S.K.: 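One structure, pasted below without further comment.
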Number of protein chains: 2
Amino acid sequence: MSIEQVRVSKTRDKILEAAIGLFAEKGFNGTTTKEIAEKAGVNEALIFRYFSTKRDLYGAIIEKKIQEDPKIELPLETFKETKDDSLIFRSLGIRMFECVEKDPSFLRLLHFSALEGHELSDMFFDTYVQHLRTVLSDYIEERISDGAFKNINPFLAARAFMGMLTNYIIVKELFGEKKKKRIKKEDVVETFVKIFLEGIKN
Amino acid sequence: MSIEQVRVSKTRDKILEAAIGLFAEKGFNGTTTKEIAEKAGVNEALIFRYFSTKRDLYGAIIEKKIQEDPKIELPLETFKETKDDSLIFRSLGIRMFECVEKDPSFLRLLHFSALEGHELSDMFFDTYVQHLRTVLSDYIEERISDGAFKNINPFLAARAFMGMLTNYIIVKELFGEKKKKRIKKEDVVETFVKIFLEGIKN
DNA sequence: AAAGTAAGTAAGTAATTACTTAATATATTA
DNA sequence: TAATATATTAAGTAATTACTTACTTACTTT
């Protein structure tokens with residue numbers, strides 16, 4: 001059974017992986033099942049043996065991405081107790097960069113799925129964004145009651161910090177800004193964290 | 001001649017407007033020329049009289065968007081002299097919200113064109129983002145030499161501020177966040193400006 | 001009013017699309 | 001080894017795609 005499973009999923013996985021790359025590159029409508037089959041090195045008909053429709057395949061991809069997400073094992077969980085804000089926010093920022101760099105297809109897939117209106121795109125978004133927001137917002141709230149941060153809307157503050165970084169990363173990855181005068185991610189994070197923390201510290 | 005011009009562009013404009021809506025909604029590959037013709041209320045063949053290919057039509061749309069851009073007549077130009085930072089950044093933030101609200105297709109078109117890799121997408125991006133960035137960055141630099149702001153990389157600071165807002169707007173417009181607990185844009189801007197200015201003020 | 005030009009249309013085209021079918025190869029089990 | 005189940009394939013399908021063609025109508029200019 002396990003051997004069979006392995007073989008079964010081998011083809012299925014080849015299809016999935018090829019499709020991830022193509023959907024991320026050209027979107028759902030820009031990708032043909034023929035291309036997917038070619039890239040996966042399997043017969044086109046096999047796609048429809050494993051996934052009843054092309055849209056189903058797209059859904060399976062999003063589900064896969066959601067599941068394989070290592071929940072971004074947040075530095076927050078690790079460092080929360082230290083209350084070393086600079087360390088926490090810096091490592092969070094770096095982590096956001098790394099997360100996207102590790103999987104270049106991720107951001108494009110997320111955006112394509114939102115624009116193309118896939119039914120699972122909300123879940124995709126929630127998994128990666130909503131969760132982090134909540135955790136961060138909670139931490140900020142805690143630091144406010146510590147008297148360390150100003151009495152500000154913690155949810156908006158979390159969004160401000162994540163927004164700076166996310167937007168920087170999106171522009172870099174999606175809009176392919178000229179790589180010439182690109183600044184080291186450590187410096188970007190450093191600057192953003194400085195602005196943000198100075199802005200909310202008491 | 002002018003009468004003729006008007007008639008000529010009437011059909012052309014109907015096509016352009018229909019195409020803008022559809023391309024913004026479903027992207028280039030998700031939109032068919034048949035649909036465009038139907039929505040515009042013209043014969044499909046007319047599309048190819050005015051635009052030699054579908055891709056050409058797409059290009060014409062981006063060019064149109066770039067040209068009709070009122071250069072976002074920045075509040076900066078108006079208020080620069082006052083050096084009232086809070087006023088300047090707040091009105092800039094509000095302006096960014098309004099700009100997107102006024103033309104809902106704009107953001108989607110910008111993102112689709114980037115993802116789908118249209119040749120003019122860079123110019124599109126530059127027109128709307130690069131320009132604002134430069135102006136803002138220049139102002140920040142000026143305030144640094146005034147001694148009003150910390151000695152920080154003005155380019156990164158500009159991106160931090162724009163990033164907070166842009167990302168908030170993108171999430172709202174593109175990822176269609178639930179409208180329930182949505183905060184008034186004035187309050188969002190207020191909070192972001194407060195964080196940012198406190199963060200870079202001397 | 002004649003001639004010329006541009007706007008508009010119906011009916012096509014060849015190519016491509018997502019998806020199916022029916023048959024063959026390969027493995028597993030009895 | 002025979003029987004059964006599964007994996008894989010070649011060759012289709014009907015529908016849709018971007019784009020063309022050959023023609024008619026409407027307007028402008030002389």
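Values in this document were obtained by computation on a predicted structure and should not be read as measured data. In the text below, chain A, chain B and the rest are named by the order of the sequence lines, each starting its count at 1.
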S.K.: Of the options B/Thr11, B/Ile36, B/Asp56, which is the one that meets B/Ile47 in a side chain to side chain contact (heavy atoms under 4.5 Å, CB included)?
M.R.: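 Considering B/Thr11, B/Ile36, B/Asp56, a side chain to side chain contact (heavy atoms under 4.5 Å, CB included) with B/Ile47 is found only for B/Ile36.
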S.K.: Nearest heavy atom decides the nucleotide; on that basis, is A/Arg49 or A/Asn29 closer to the 5' end of DNA chain C?
M.R.: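 Nearest nucleotide further toward 5': that of A/Asn29.
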S.K.: How close or far is atom P of C/dT9 from atom CD1 of B/Ile15, stated in whole angstroms?
M.R.: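 Taking CD1 of B/Ile15 and P of C/dT9, I get 11 Å after rounding.
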S.K.: So which nucleotide from D/dT9, D/dC19, C/dA18 ends up closest to the side chain of B/Glu44?
M.R.: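 Minimum distance to the B/Glu44 side chain belongs to D/dC19.
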S.K.: To the nearest angstrom, how far is B/Arg55 atom CZ from D/dC19 atom P?
M.R.: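 So the two atoms are 10 Å apart, to the nearest Å.
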S.K.: Tell me whether the side-chain N/O atoms of B/Thr11 come closer than 4.0 Å to OP1 or OP2 in C/dG8.
M.R.: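 B/Thr11 to C/dG8 OP1/OP2: side-chain N or O found under 4.0 Å.
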S.K.: Under a 3.5 Å threshold, yes or no: a donor from one side chain and an acceptor from the other, between B/Ser86 and B/Asp84?
M.R.: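 Not at all, the side chains of B/Ser86 and B/Asp84 share no donor-acceptor pair under 3.5 Å.
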S.K.: Given atom CD of A/Glu38 and atom P of C/dA18, what is their separation to the nearest angstrom?
M.R.: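 To the nearest whole Å, that distance equals 12 Å.
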S.K.: Is there a side-chain contact between B/Asn43 and the phosphate of C/dA10, meaning an N or O under 4.0 Å from OP1 or OP2?
M.R.: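 For B/Asn43, the contact criterion (side-chain N or O under 4.0 Å from OP1 or OP2 of C/dA10) is met.
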S.K.: Please give, in whole Å, the distance from D/dT16 P to B/Lys54 NZ?
M.R.: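 Computing the B/Lys54:NZ to D/dT16:P distance gives 15 Å.
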S.K.: From C/dC19, D/dT9, D/dT20, pick the nucleotide closest to the side chain of A/Ala45?
M.R.: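 Looking only at heavy atoms from C-beta outward on A/Ala45, the closest nucleotide is D/dT9.
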S.K.: Test the B/Arg143-B/Phe149 pair against the cation-pi criterion, namely NZ or CZ under 6.0 angstrom from the six-membered ring centroid and within 45° of the ring axis.
M.R.: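 Satisfied, under 6.0 Å and within 45°.
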S.K.: In terms of the nearest nucleotide of DNA chain C, which residue is placed more toward the 5' end: A/Thr31 or B/Gly41?
M.R.: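 Nearest nucleotide further toward 5': that of B/Gly41.
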S.K.: Using whole Å, what does the distance between atom P of nucleotide D/dT20 and atom OH of B/Tyr50 come to?
M.R.: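 In whole Å, D/dT20 P lies 17 Å from B/Tyr50 OH.
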S.K.: Tell me whether the guanidinium CZ or amine NZ of A/Lys65 lies under 6.0 angstrom from the six-membered ring centre of A/Phe124 and within 45° of its axis.
M.R.: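 No - A/Lys65 does not lie over the ring of A/Phe124 by the 6.0 Å and 45° rule.
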S.K.: Can you tell me how far C1' of C/dT16 sits from NZ of A/Lys26, to the nearest Å?
M.R.: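 Going from NZ in A/Lys26 over to C1' in C/dT16 covers 13 Å.
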S.K.: In whole Å, what is the span from the NZ atom of B/Lys34 to the P atom of C/dT17?
M.R.: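 It works out to 18 Å between those atoms.
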S.K.: Closer than 4.0 angstrom, basic N to acidic O: yes or no for A/Lys10 and A/Asp13?
M.R.: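 Answer for the salt bridge query: no.
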S.K.: Over how many whole Å does the gap from B/Phe48 atom CZ to C/dA7 atom C1' extend?
M.R.: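 About 17 Å, once rounded to whole Å.
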